[in-house]
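This report refers to the structure that appears directly beneath it.
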Amino acid sequence: PTPPYLRWAESLHSLLDDQDGINLFRTFLKQEGCADLLDFWFACSGFRKLEPSDANEEKRLKLAKAIYKKYILDNNGIVSRQIKPATKSFIKDCVMKQLIDPAMFDQAQTEIQSMIEENTYPLFLKSDIYLEYT
Amino acid sequence: YKSDDDLLLKCIGSAMPKRR
């Protein structure tokens, strides 16, 4: 069978599907000062998994606000700088009007994912940290 | 109430693949 670290080079999803791959990628991103990109990507996935129900409405609202505050509100943040202004105002609107939808971060997540796929993921595959691991 | 950071960490963890 193919060793995990070779599968990580096949696609971003193969990398993000493996806990060791995530850990190594995050260490690399941390060195580059952009671990927030990965944290945000996973936060969006985790948020989407929270099914709307009467029991967790408050939690979903609190979580949506927390994601918004930490990654999107500060325009100088690494995540915020990679998200289109229209996408940011859409999320801001959802939070302000308390219209909490499981898909409200989907577009922002897609934009961050494209940036990772085009930029940090190829750099990771060429990095010392990955080459030493292999 | 849990802090925002705690909530975020749990959310991020919930999206990660389970260890084999």
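In what follows, every heavy atom counts, from backbone to side chain, and hydrogens, waters and symmetry copies are set aside.
Once rounded to the nearest 0.5 Å, the distance linking CG of A:Leu50 with NZ of B:Lys10 reads 12.0 Å. Note that NZ of A:Lys62 is 10.0 Å distant from CG of B:Leu8, once rounded to the nearest 0.5 Å. Residue A:Arg48 holds its CZ atom at 10.0 Å from SG of B:Cys11, rounded to the nearest 0.5 Å.
With sequence neighbours left out, the side chain to side chain donor-acceptor pair (under 3.5 Å) criterion links A:Lys126 to no other residue.
Residue contact with chain B, scored on non-hydrogen atoms closer than 4.5 Å, is absent for A:Leu38.
Of residues 93-107 of chain A, not one residue has a non-hydrogen atom less than 4.5 Å from any non-hydrogen atom of chain B. Annotation: residues 63-92 of chain A contacts chain B through A:Leu63, A:Ala66, A:Ile67, A:Lys69, A:Lys70, A:Tyr71 [non-hydrogen atoms, separation under 4.5 Å].
Considering every non-hydrogen atom in both B:Ala15 and A:Ser45, the closest pair reads CB-CB, 3.6 Å.
Taken together through direct or relayed side-chain contacts under 4.5 Å among Ile, Leu, Val, Met, Phe, Trp and Tyr, A:Phe28 and A:Leu12 form part of one hydrophobic cluster.
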Return a table of donor-acceptor pairs under 3.5 angstrom between the side chains of residues 112-120 of chain A and protein atoms on other chains or two or more places apart.
unit_1   : atom_1 : unit_2   : atom_2 : d
A:Gln113 : OE1    : A:Trp41  : NE1    : 3.1
A:Ser114 : OG     : A:Thr110 : O      : 2.9

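For the pair A:Ile22 and B:Pro17, the minimum side-chain heavy-atom distance is below 4.5 Å.
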